[in-house]
Amino acid sequence: MSKQMQISVPVRAPTWVSTRRIFQQKLQDLHKCTSLNHIKQVHAQILKQNLHQDLYVAPKLISAFSLSQEMTLAINVFKQIPDPNVHLYNTFIRACVQNSHSLLAFETFFEMQRNGLFADNFTYPFLLKACDGQSWLPLVKMIHNHLEKYGFFQDLFVPNSLIDSYCKCGLLGVKSAMRLFKVMDERDVVSWNSMIRGLLKVGELSEACKLFDEMPMKDAVSWNTILDGYVKAGEMNKAFGLFESMPERNVVSWSTMVSGYCKAGDMEMARMLFDRMPVKNLVSWTIIVSGYAVKGLAKDAIRSFEQMEEAGLKPDDGTVISILASCAESGLLGLGKRVHTSIERIRYKCSVNVSNALVDMYAKCGQVDRALSVFNGMSKKDLVSWNCMLQGLAMHGHGEKALQLFSIMRQEGFRPDKVTLVAVLCACVHAGFVDEGIRYFNNMERDYGIVPHIEHYGCMVDLLGRGGRLKEAYRLVQSMPVEPNVVIWGTLLGACRMHNAVGLAEEVLDCLFKLEPSDPGNYSLLSNIFASAGDWSSVANVRLQMKNFGIQKPSGASSIEVDDEVHEFTVFDKSHPKSDKIYQMINRLGLDLKRVHVVPKVYL
DNA sequence: AGTTCATAAT
């Protein structure tokens, strides 16, 4: 936290030059300042002094706004400058990258070239960062060409960054990286590590191991990278062997192992290693808490979270986001709330990403009201925030509310993406707005420039199918530009079952069995169709077939959380200690339902 | 004006 700086404008500013000098001193730490109010005050004073176009002052302001995630303000400052120099362009491009405005970063870069300015060795690394997570292989190649043309290859940092960026562009990228790696006449340990990491990312474990063996020098990162390779491949025995044989083990090595055992579901082993760790940091604690949370072990998760805080560690954004994501995955409202209070105790304001994770967690745990109150309290929202909230509303049947929120979102100038439209269509499905859904679907390309993906088709099949328009749904599936997958056929089949359309169902099942001949779900769907049509001999037949093929349907489970404990139930499950009482209650509910003439459907 | 690789991640 930087110290608060008081900008005092002298009562009698002697000359313009000296005013500027005073500002220079006061502005020195502005780009590190985290108090938005303070930055705004300074901005106002700068405007008053007419210094906002100054080529020393403007970059400081842009950096400061960028750090506070105030990209709109940063853009405003930048736009005021008539003739930006390279330094200013770099600062602005860096701000774009920091706030994940990757497109704007490149647009600015192209504008800079149009203005006849040359990018320098500061510009390119920023641009490479902008390609992160975008899979912009052509742009990485373009940067590569530029760097070669202008001879920026002296420092190993440049080709190493290129290797890393290439490796983030999938298989083709890794191949380009390999070509570059092979022609480099000098390589350091980072070059090797990055290349190995890239191979692992595309699943080339054996290639990575080969390179690892060839390495002339290995550091801790090299060992940990290859260890992670084994862990990600699920080879815990090999990983453990390597772990034992490592020349030195640091926090990362230990954490990687703990994470591996958590993913394998072996929480006992995970805990044992965790307890033996000589040093634990935030990441290690996050791994163990999330590990318990994903498995639904709410009590252990909460206890570990509290132990972490007792150890004097304050969860950061990464910790909070991962734990909340695990809560959302397994519905651990208790832990989610506990993390929320902890954040509120530490911080005055959450970052956008943390708030998004909170919205998502509350929505997925069924607490739509809490999700809404976090969402409404957010001072800044991004596309992810809207998408989480829309999805939450749609998922819980608040279709109308979701569509209202969608129109507010557009009023506020947000451009919907494909996730948004899935949520919108899903809202129509759950609210039964068939015609409205069709309208959104037909116009999504024209209105939002989004070509329908398979997920959107899935929503439409669901929408038409539930509405009883089975023929239209079937026609849509046949006319799809992409091959229908299991989800699409399954959805259509579900609709057939709902409307007792046995004829169409058998047709659909043919397609489904061709795609997934051994999926037990298909058999139970088939059996359920026959069951709803009252064809019990066919049902028996299907069950017999399943038995012959040795197929067992993994039974679906439902779970509820009571007092920080998750109880899971499957069909005919008698394992719960209060099983008798539970079945008594079910029977009573069944009688109550009969009394109001509702006949419960029973499926396989 | 700032740097690359390893563990958690919306």
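A note on names: the letters A, B, ... follow the listed sequences, proteins ahead of strands, and every chain is numbered from 1. Note that this is a predicted model, so its numbers are computed, not measured.
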Sugar-phosphate, base or nothing in reach of A:K263, heavy atoms under 4.0 Å: sugar-phosphate
Sugar-phosphate, base or nothing in reach of A:A357, heavy atoms under 4.0 Å: nothing
Option passing ring-ring contact (aromatic ring centres under 6.0 Å, His included) with A:F92 (candidates A:F109, A:F126, A:F78): A:F78
Identified ring-ring contact (aromatic ring centres under 6.0 Å, His included) counterpart of A:F212 within the set A:W223, A:Y230, A:W192: A:W223
Sugar-phosphate only, base, or nothing, as touched by A:T225 at under 4.0 Å among non-hydrogen atoms: sugar-phosphate
Distance-only polar pair, side chains of A:S253 and A:N250, donor-acceptor under 3.5 Å: yes
Touch class at under 4.0 angstrom, heavy-atom based, for A:N121 against every strand present: base
Sugar-phosphate, base or nothing in reach of A:D155, heavy atoms under 4.0 Å: nothing
Sugar-phosphate, base or nothing in reach of A:D228, heavy atoms under 4.0 Å: sugar-phosphate
Over 12 non-hydrogen atoms of neighbours within 6.0 angstrom of NZ in A:K210: no
Residue A:N237 excluded, over 12 heavy atoms near CG under 6.0 Å: no
Sugar-phosphate only, base, or nothing, as touched by A:V384 at under 4.0 Å among non-hydrogen atoms: nothing
Plane angle bin for A:F106 and A:F110 - parallel if under 30°, tilted between 30 and 60°, otherwise perpendicular: tilted
A:K175 atom NZ: more than 12 heavy-atom contacts under 6.0 Å: no
Sugar-phosphate only, base, or nothing, as touched by A:D188 at under 4.0 Å among non-hydrogen atoms: nothing
Touch class at under 4.0 angstrom, heavy-atom based, for A:K364 against every strand present: nothing
A:H144 and its ring-ring contact (aromatic ring centres under 6.0 Å, His included) partner, picked from A:Y166, A:F152, A:Y124, A:Y150: A:Y166
Sugar-phosphate only, base, or nothing, as touched by A:T91 at under 4.0 Å among non-hydrogen atoms: nothing
Test applied, side-chain contact (heavy atoms from CB on, under 4.5 Å); reference residue, A:F65; option that passes from A:N99, A:I39, A:I75: A:I39
Close residues, residues 105-112 of chain A, relative to DNA chain B [heavy-atom separation under 4.0 Å]: none
Leading and trailing nucleotides of DNA chain B with any atom under 4.0 Å from heavy atoms of chain A: B:dA1 to B:dT10
Sugar-phosphate, base or nothing in reach of A:N90, heavy atoms under 4.0 Å: base
